[in-house]
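One structure is given here, and the rest of the page talks about it.
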Amino acid sequence: MPKPVYILNGPNLNLLGLRQPEIYGRETLDDVAEACGALAEDLGLTIRFLQSNHEGQLIDWIHEAREKASGIIINPAAYTHTSVAILDALHTFEGPVLEVHISNVHKREAFRHHSYASLRAEGVIAGFGTEGYQLALRRMRTLTTK
Ligand code: DQA
């Protein structure tokens, strides 16, 4: 049984659909999880889709992924811009890491232009809305089956 791709989501993403819909859209995180699940099935992948508002929980999932995941897709949300601890955890993971942002962080406030996670990620998708998760999943298939 191939290992799942872990799709990790950081703080406030549980409020997707309600939170600043002009920036993040009206789709909920459950909608995103469902779309990713359906696409994963088409691609012959399995996923574990998770969200937490707590930095330590995200780190624990990254540690778990070391043994249990084929790759990590992560939207660290605000921790993108602050968390050396999440970067350090990602450095302990040996498989591919892709970073996703729903909004185009480069078009927004200067503090969103720097990403600690990008120092580890093989690729970054930003500004493609929630479709970015599906694009990342397609890329993950290439990276994990080559
Ligand atoms: C985000 C962008 C971050 O700057 C922000 O803090 C988020 C979401 C995005 O998906 O566009 O919470 O990661």
Side-chain angles (χ1 to χ4, degrees), residues 3-43 45-66 68-144:
K3 293 177 179 177
V5 175
Y6 275 31
I7 305 181
L8 304 180
N9 294 280
N12 301 304
L13 288 168
N14 55 311
L15 295 181
L16 198 65
L18 300 173
R19 166 199 188 205
Q20 296 181 282
E22 67 288 359
I23 295 177
Y24 299 112
R26 295 255 172 223
E27 258 195 316
T28 67
L29 200 62
D30 282 349
D31 295 332
V32 178
E34 205 178 302
C36 286
L39 177 63
E41 212 175 306
D42 288 350
L43 296 174
L45 299 174
T46 57
I47 61 168
R48 184 155 143 75
F49 194 98
L50 299 161
Q51 187 276 332
S52 177
N53 293 324
H54 304 279
E55 189 175 21
Q57 175 64 81
L58 293 162
I59 291 165
D60 287 346
W61 283 331
I62 294 166
H63 292 176
E64 181 186 303
R66 283 162 46 76
K68 297 197 172 156
S70 58
I72 296 175
I73 295 171
I74 186 165
N75 181 350
Y79 289 139
T80 306
H81 319 298
T82 63
S83 182
V84 176
I86 287 178
L87 171 63
D88 284 352
L90 290 172
H91 276 307
T92 75
F93 181 74
E94 289 180 1
V97 174
L98 299 175
E99 179 181 347
V100 171
H101 299 287
I102 297 163
S103 65
N104 180 359
V105 283
H106 301 290
K107 203 179 164 191
R108 300 181 63 194
E109 302 96 319
F111 66 83
R112 295 185 204 274
H113 298 176
H114 177 262
S115 164
Y116 284 101
S118 291
L119 293 168
R120 168 64 183 86
E122 270 68 38
V124 182
I125 292 172
F128 285 73
T130 53
E131 253 185 272
Y133 287 85
Q134 290 162 64
L135 296 170
L137 207 46
R138 288 184 188 279
R139 178 65 183 156
M140 190 56 86
R141 182 174 188 276
T142 307
L143 294 174
T144 55

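Read the numbers this way: they start at 1 and go in the same order the structure lists the ligands and their atoms. Owing to the predicted nature of the structure, the values given are computational and were not obtained by experimental measurement.
- Seen from the ring of Tyr6, Arg48 counts as a face-on cation partner, given the 6.0 Å and 45° thresholds.
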Full working for side-chain hydrogen bond (donor to acceptor under 3.5 Å, both in side chains) between Gln51 and Asn53: CA-CA 7 Å; Gln51 187 276 332; Asn53 293 324; 2.9 Å; yes

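- When the options Asn9, Leu8, Leu98, Thr80 are evaluated for a side chain to side chain contact (heavy atoms under 4.5 Å, CB included) with Ile74, the one that passes is Leu8.
- Enumerated by chain and number, the residues approaching ligand 1 to less than 4.0 Å through a heavy atom are Arg19, Tyr24, Asn75, Ala77, Ala78, His81, His101, Ile102, Ser103, Val105, Arg112.
- Within the 4.5 Å cutoff, the side chain of Leu137 has heavy atoms near those of the Cys36 side chain.
- Between His81 and Phe111, the ring planes are perpendicular. Angles over 60° get that label, and only those under 30° would be called parallel.
- Looking at residues two or more places apart in sequence or on another chain, you find a ring pair (Phe, Tyr, Trp, His ring centres under 6.0 Å) between Tyr116 and His114.
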